[in-house]
Amino acid sequence: MKVIRSHEFTADRAWGALDIATMNGITTRLHWTNEPYEWHTNDGEEVFVVLSGQVEMLYKQQGEVCAELLNAGDIFYASVGTEHVAHPKGEARILVVETHGSV
């Protein structure tokens, strides 16, 4: 049993993570960041939930770069093959659910 106070979580580096659970090959992690990630494509699907802060999510759709501003409570779903990158606006805490070992 765990209780995690996400608003209290920080990491020693951008995109540092707290592993919460791995169930049937799916990993759930809490991330803290104040810097952009890098353009990437996951090996599987990804659910990206902004818990605090704001994140500009850039993604490519039919070769064109699109952007969505995500606020606390917003969810971004990346299907297999969706190239994307997250750019936080200041500090952000993000819950990521994805295939274990995915990028």
Side-chain angles (χ1 to χ4, degrees):
M1 205 293 292
K2 291 182 192 179
V3 174
I4 298 163
R5 310 280 184 211
S6 64
H7 63 279
E8 296 173 0
F9 176 69
T10 57
D12 58 357
R13 61 179 171 77
W15 295 100
L18 172 66
D19 290 334
I20 296 172
T22 300
M23 300 176 290
N24 298 319
I26 303 298
T27 304
T28 303
R29 290 188 188 95
L30 173 60
H31 290 271
W32 173 91
T33 191
N34 60 355
E35 295 178 14
Y37 198 62
E38 57 191 43
W39 280 100
H40 66 286
T41 303
N42 296 74
D43 300 334
E45 298 163 294
E46 176 184 339
V47 175
F48 183 101
V49 183
V50 178
L51 299 175
S52 68
Q54 286 187 318
V55 176
E56 182 178 31
M57 182 63 77
L58 304 172
Y59 59 98
K60 293 184 181 174
Q61 195 166 34
Q62 298 175 341
E64 185 175 323
V65 175
C66 303
E68 291 287 339
L69 183 61
L70 305 175
N71 295 295
D74 289 343
I75 301 167
F76 176 81
Y77 168 73
S79 57
V80 176
T82 302
E83 190 175 1
H84 59 286
V85 62
H87 286 253
K89 305 290 183 187
E91 285 190 13
R93 288 168 182 84
I94 299 137
L95 189 72
V96 176
V97 182
E98 62 190 349
T99 305
H100 180 70
S102 186
V103 175

Mind listing the side-chain donor-acceptor pairs of residues 57-76 below 3.5 Å, one per line with the distance, residues two or more places apart or on another chain?
from: N71; atom 1: OD1; to: Q54; atom 2: NE2; distance (Å): 2.6
from: D74; atom 1: OD2; to: N71; atom 2: N; distance (Å): 2.7

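Considering all non-hydrogen atoms of both residues, P88 and G90 come closest at CB-O, 3.4 Å. Between A14 and T33, the shortest heavy-atom distance links the atoms CB-OG1, 3.5 Å. Contact detail for F48 and A86: the closest heavy-atom pair is CZ-CB, 3.8 Å. Summarising the geometry of I20 relative to K2, their closest heavy-atom pair is O-NZ, 2.8 Å, with the distance given to 0.1 Å. Nearest heavy-atom pair, A11 versus G16, reported as atom, atom and distance to 0.1 Å: CB-CA, 3.6 Å. Of all heavy-atom pairs between E91 and W32, the closest is OE1-NE1, 3.3 Å.
With sequence neighbours left out, D19 forms a salt bridge (Lys or Arg N to Asp or Glu O under 4.0 Å) with R29.
Using bins of under 30°, 30° to 60° and over 60° for the plane-to-plane angle, the ring pair Y37/W15 lands in the perpendicular bin.
A donor-acceptor pair under 3.5 Å is formed between the side chain of H40 and the backbone N or O of H84.
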D43 vs T99, test: side chain to side chain contact (heavy atoms under 4.5 Å, CB included). Steps then yes/no.
CA-CA 7 Å; D43 300 334; T99 305; 5.7 Å; no
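Linking Ile, Leu, Val, Met, Phe, Trp and Tyr residues whenever their side-chain heavy atoms come within less than 4.5 Å places L95 and I26 in a single cluster. Linking ILVMFWY side-chain heavy atoms closer than 4.5 Å, directly or via other members, places V80 and V97 in two distinct hydrophobic clusters. By the criterion of side-chain heavy atoms lying less than 4.5 angstrom apart, applied directly or through intervening Ile, Leu, Val, Met, Phe, Trp or Tyr residues, I4 is grouped together with V47 in one hydrophobic cluster.
Residue E98 forms a side chain to side chain donor-acceptor pair (under 3.5 Å) with just one option from T27, T28, N42, and that option is N42.
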